[in-house]
Amino acid sequence: MDLRVLKTEELIRNTFLELLAQKEFTDISVKEITEKGRINRSTFYKHYEDKYLLRDSIIDQMMGEFREHIAVNFLVTDNLTSEKHIADLKRCLRYFHLEKKTYQLLWGSVMLGRNVFDEMVAEGADYMKKCILNHPDISSYRKKLADWYGYLLMNNLLVSVRWWFRNDDRVSLDDITGQILEHMRNGAIPTLLGKRTDEC
């Protein structure tokens, strides 16, 4: 694709996100996007039919990137402490953190017309469901609940990421990776009630 086309699309998207940080989606107009981005309306319409297609383009691109980065084998329970597994989870969480500002904008916009957080949970749950159904050591009874387990696991991961975004000034990437792995290994209640080795 032409570099100028890519730069123009990036300018339009960034301008849209800047406006979304200031007001709700329903209050943003194409005129505002073009004025703030200092482009002609005709230029905007060469790339996007309207602000709804612009919104969908941004979200769909993020969903594609999300699909790529959640490809972490969470079901290898005997290998949750391996360097590879830790590195894979860190890579996934690092990606989230790099896109933190955009995720917070899209997750927090009440009038966006799409619930991005729920879409991500559903997308991730579908990925987890496929992993569960293809796992040789999971019983047929548990596989009947693959959809529920998929939602449970992915919702827990994304809620953890959302919490981390609000607390990343005091919780490092290493800390959140360790917390998530500890809960995967031991479960929430045993982890809460158990004493960590690094506690006094």
*Quick check: are there more than 12 heavy atoms from other residues, nucleotides or ligands sitting under 6.0 Å from NZ of Lys100?*
yes

*asked:* Quick one, Glu10 and Asn14 - any side-chain contact, counting heavy atoms below 4.5 Å?
replied: yes

*asked:* According to side-chain hydrogen bond (donor to acceptor under 3.5 Å, both in side chains), who are the partners of Glu24, at least two apart in sequence or on a separate chain?
replied: Ser109

_Single-linkage hydrophobic cluster, 4.5 Å side-chain cutoff, Leu106 and Met63 together_ = yes

*Which residues satisfy the ring pair (Phe, Tyr, Trp, His ring centres under 6.0 Å) test with His47, sequence neighbours excluded?*
none

*For Ser160, all residues meeting side-chain contact (heavy atoms from CB on, under 4.5 Å), sequence neighbours excluded*: Ile180

*Looking only at heavy atoms, what is the nearest atom pair of Met128 and Leu153, with distance?*
CE-CD1, 3.5 Å

*When you look at Ile132 and Trp148, which way does the side chain to side chain contact (heavy atoms under 4.5 Å, CB included) test go after all the steps?*
CA-CA 11 Å; Ile132 291 165; Trp148 178 74; over 6 Å; no

*Does a side-chain heavy-atom distance below 4.5 Å link Lys36 with Phe16?*
no

*If we only count heavy atoms from C-beta on, is the Phe66 to Phe96 side-chain gap below 4.5 Å?*
yes

Going by atom type alone, with no hydrogens or angles, which donor-acceptor pairs under 3.5 Å involve a side-chain atom of residues 26-33 and a protein atom two or more places apart or on another chain?
residue: Ser29; atom: OG; partner: Glu32; partner atom: N; Å: 3.1
residue: Glu32; atom: OE1; partner: Ser29; partner atom: N; Å: 3.1
residue: Glu32; atom: OE2; partner: Lys23; partner atom: NZ; Å: 2.5

*Examine Met120 and Leu98 and state if one hydrophobic cluster contains both, with Ile, Leu, Val, Met, Phe, Trp and Tyr joined whenever side-chain heavy atoms are less than 4.5 Å apart.*
no

*Between Glu68 and Arg91, which heavy-atom pair has the shortest distance, and what is it?*
O-NH1, 4.3 Å

*In Å, rounded to the nearest 0.5 Å, how long is the span from CD of Glu123 to CZ of Arg67?*
4.5 Å

*Would you give the length of the straight line joining atom CD1 of Ile12 to atom OG1 of Thr34, rounded to the nearest 0.5 angstrom?*
9.5 Å

*Those residues that, when tested against Gln104, pass side-chain hydrogen bond (donor to acceptor under 3.5 Å, both in side chains) (two or more places apart)*: none

*For the side chain of Thr15 and the backbone of Leu11, is there at least one donor-acceptor N/O pair under 3.5 Å apart?*
yes

*Is there a donor-acceptor contact under 3.5 Å from the side chain of Asn115 to the main chain of Asp118?*
yes

*Shortest non-hydrogen contact from Phe165 toward Trp107*: CE1-CZ3, 3.8 Å

_Under 3.5 Å, is there a donor on one side chain and an acceptor on the other for Glu18 and Gln22?_
no

*Are Leu112 and Ile59 close enough that some pair of their side-chain heavy atoms sits under 4.5 Å apart?*
yes

*For Tyr149, which residues count as a ring pair (Phe, Tyr, Trp, His ring centres under 6.0 Å) partner, sequence neighbours excluded?*
none

*asked:* Nearest 0.5 angstrom please: Asp168 CG to Leu173 CG, how far?
replied: 10.5 Å

*Atom of Arg13, atom of Leu54 and distance for their closest heavy-atom approach*: CG-CD1, 4.0 Å

_Within the 6.0 Å centroid threshold, strictly below: Phe25 and Tyr52_ = yes

*Inter- and intrachain pairs under salt bridge (Lys or Arg N to Asp or Glu O under 4.0 Å), touching residues 151-167, at least two apart*: none

*Using the test ring pair (Phe, Tyr, Trp, His ring centres under 6.0 Å), find all partners of Tyr95 that sit at least two apart in sequence or belong to another chain.*
His69

*asked:* Is there a path of hydrophobic side-chain contacts, each under 4.5 Å between heavy atoms, that joins Leu17 and Leu53?
replied: no

*Over all heavy atoms of both residues, which pair between Ile70 and Met154 is shortest? Give the atoms and the distance, please.*
CD1-CE, 4.4 Å

*Under the side-chain contact (heavy atoms from CB on, under 4.5 Å) test, which residues partner Val171, sequence neighbours left out?*
Trp163, Trp164, Asn167, Asp175, Ile176, Gln179

_Gap separating the CG atom of Leu93 from the OG1 atom of Thr177, nearest 0.5 angstrom_ = 4.5 Å

*Looking at residues at least two apart in the chain, or sitting in another chain, which of them share a side-chain contact (heavy atoms from CB on, under 4.5 Å) with Asp137?*
His135

*Please confirm whether the backbone N or O of Lys130 pairs with a side-chain atom of Asn134, one donor and one acceptor, at under 3.5 Å?*
yes

*Give, for atom CG of Leu181 and atom NZ of Lys90, the distance between the pair rounded to the nearest 0.5 Å.*
9.5 Å

*What is the distance from atom CG of Leu19 to atom CD of Glu35, rounded to the nearest 0.5 Å?*
10.0 Å

*Set of residues satisfying side-chain contact (heavy atoms from CB on, under 4.5 Å) with respect to Asp147, sequence neighbours excluded*: Lys129, Tyr151

*May I have all residue pairs that pass salt bridge (Lys or Arg N to Asp or Glu O under 4.0 Å) and include part of residues 40-56, sequence neighbours excluded?*
Asp56-Arg114

